[in-house]
There are 2 protein chains.
Amino acid sequence: MAVESFTTPTVTELVPRQSSRRSHALFVALQKEIVLGQLAPEQALTELDLAQRFQCSQGTVREALMQLSEAGLVKRLPNRGTHVAPCHADDARALLELRRDVECRHLDRVVRRADAALKGDLQAMLNAMRNAARDGDEYLLSVHDRAFHTRLFETADLPLVTPILTRCLIHNHRYKILNSQPNRALEETAERHVPILRALEARDVEALRGLLSHHIATIVDFGPDLTSAEAPR
Amino acid sequence: MAVESFTTPTVTELVPRQSSRRSHALFVALQKEIVLGQLAPEQALTELDLAQRFQCSQGTVREALMQLSEAGLVKRLPNRGTHVAPCHADDARALLELRRDVECRHLDRVVRRADAALKGDLQAMLNAMRNAARDGDEYLLSVHDRAFHTRLFETADLPLVTPILTRCLIHNHRYKILNSQPNRALEETAERHVPILRALEARDVEALRGLLSHHIATIVDFGPDLTSAEAPR
DNA sequence: AACCTACCAATTATCGATAATGCAACCTTG
DNA sequence: CAAGGTTGCATTATCGATAATTGGTAGGTT
């Protein structure tokens with residue numbers, strides 16, 4: 001194992017080099033508006049309107065829309081435009097179950113490959129969550145929350161599965177934010193990740209599985225359905 | 001508009017209106033080459049090369065590449081190009097488990113909403129699989145196989161989950177084709193879908209779950225891991 | 001020799017303009 | 001007045017050209 005005396009972890013990779021891309025900035029902005037409901041489900045998005053609004057060309061808007069389509073936040077129909085994706089409870093519940101399966105099933109791989117860099121990154125993300133919670137910024141909190149779980153799962157080294165988790169995460173948070181009173185116990189949400197980090201440090205796969213499963217099942221109250229089924233494996 | 005004799009069911013919607021789009025044709029062609037391994041994993045794809053090869057502009061190539069990225073068949077890094085996605089056994093196994101979860105978990109919804117149109121479409125796809133198998137066209141067989149399972153799951157009416165299944169399916173088939181002797185019992189693969197169709201007609205959810213779970217677990221031989229875990233719910 | 005810097009070739013990102021498509025309202029026609 | 005065809009508008013799809021970014025290389029400095 002490498003020496004872990006680095007005070008600042010590799011946060012450099014968290015905001016890679018995409019900040020210089022107009023289309024990516026647009027993607028980030030639109031994603032936020034969709035998750036916050038400022039762009040309503042089923043709402044139509046026309047490329048030239050967005051181009052004028054963000055002062056860029058139609059092609060750049062198109063690239064951003066295709067990235068949103070990759071995240072499942074919009075649906076693009078050939079020659080018929082782009083619409084914000086729906087957000088129904090049935091889909092949300094299914095995606096939450098799916099997320100639990102994905103995150104809980106490969107924890108042995110995660111623990112096996114966990115190193116100091118992972119620990120440092122997760123700690124940094126936890127602090128970012130705390131800051132966002134303190135500032136009452138629910139969306140920023142969700143951004144770092146997704147980063148936390150994504151970083152954790154990436155350690156399993158299943159690059160073809162990670163995009164699926166990404167999809168689940170964004171829709172989980174979208175449904176939560178769209179169906180809850182704003183600013184409800186944000187600090188608590190951040191602190192919920194502490195025991196997960198502890199179990200990871202102890203390399204306790206079973207404890208980790210139980211914590212994550214409960215953590216995910218209690219994100220949104222869907223009734224007893226989700227908690228009844230056990231975590232996979 | 002010419003008069004259509006409606007001997008075949010609503011296959012019109014299977015190839016919607018995308019055939020007239022250059023980028024979609026390119027997407028289909030590249031997808032085939034990737035799944036067949038003619039484009040090797042990790043191979044670099046440069047946009048202008050493809051534009052010249054397919055006689056179209058760079059933007060059109062880009063759109064196709066983004067669709068491939070949505071399917072997880074390529075990975076695009078900003079300013080660093082597009083590469084064919086890797087294809088490792090660990091990912092393939094994880095995606096196969098995930099596919100089984102998705103397909104088996106919502107069969108109650110499928111059965112509840114199944115109608116004559118679904119039955120007709122599935123029967124048509126089964127016939128298409130048989131034709132492809134008879135012609136020894138393993139890829140075409142896989143195309144109709146994916147269409148069969150996708151059409152079945154769409155009946156569950158979980159539009160946010162369907163794209164995830166799509167992703168799993170394409171990677172399942174890619175791994176299978178990349179890791180098997182060509183033309184191995186194609187007819188058998190097609191006929192495997194007959195009991196599934198029968199159980200659907202009988203509206204027997206439990207039988208359907210067992211059949212589908214076994215059907216999926218035996219696509220690729222990953223050892224006893226997949227068959228040991230039971231189908232969810 | 002190791003390191004830093006300025007350039008170069010290759011590639012992607014963005015742009016503005018044009019072509020193609022789909023939809024809806026309108027008009028014709030029986 | 002209904003059915004079918006036609007036109008016009010709004011929007012997406014495609015194109016060719018230009019700008020920006022990257023990685024590597026050659027050259028110079030300590």
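Numbers restart at 1 for each chain; the letters A, B, ... are given by sequence-line order, proteins then strands. Quick caveat: nothing in here was measured; it's all calculated off a predicted structure.
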OP1 or OP2 of D:dC15 sitting under 4.0 Å from any side-chain N/O of B:Arg22? yes
Using only heavy-atom distances, determine whether the side chains of B:Ser69 and A:Glu70 contain a donor-acceptor pair under 3.5 Å. yes
To the nearest Å, give me how far apart CZ (A:Arg21) and C1' (D:dT21) are. 11 Å
Any side-chain to backbone donor/acceptor pair from B:Asp91 onto A:Leu160? Under 3.5 Å, distance only. yes
Close side-chain approach of A:Ile196 to A:His215, heavy-atom, < 4.5 Å: yes
If we ignore angles and hydrogens, is there a donor and acceptor under 3.5 Å between the side chains of B:His149 and B:Glu103? yes
Start with the C-alpha gap between B:Asp108 and B:Arg112, add the side-chain angles, then the distance that decides, and say whether salt bridge (charged side-chain N to carboxylate O under 4.0 Å, His left out) holds. CA-CA 6 Å; B:Asp108 52 336; B:Arg112 202 180 315 147; 3.6 Å; yes
Atom-pair distance (CG on A:Leu77; P on C:dT21), nearest Å: 17 Å
Taking only side-chain N and O atoms of B:Ser23, does any of them lie within less than 4.0 angstrom of OP1 or OP2 on D:dT14? yes
Could you state the atom-to-atom distance from CG of A:Leu50 to P of C:dT14 in whole Å? 15 Å
Identify which nucleotide among D:dT21, D:dG23, C:dT21 has an atom closest to any side-chain atom of A:Asn79, counting heavy atoms from C-beta outward. C:dT21
Output the rounded distance in Å from CG (B:Leu48) to P (D:dG16). 12 Å
Whole angstrom is fine here: how far is it from CD in B:Glu47 over to P in D:dC15? 14 Å
Assign B:Leu45 to base, sugar-phosphate, or nothing according to its heavy-atom contacts below 4.0 angstrom with the strands shown. sugar-phosphate
All side-chain contact (heavy atoms from CB on, under 4.5 Å) counterparts of B:Gln52, not counting sequence neighbours: none
Residues from residues 51-74 of chain B sitting under 4.0 Å of DNA chain C, heavy atoms only? B:Gln58, B:Arg62
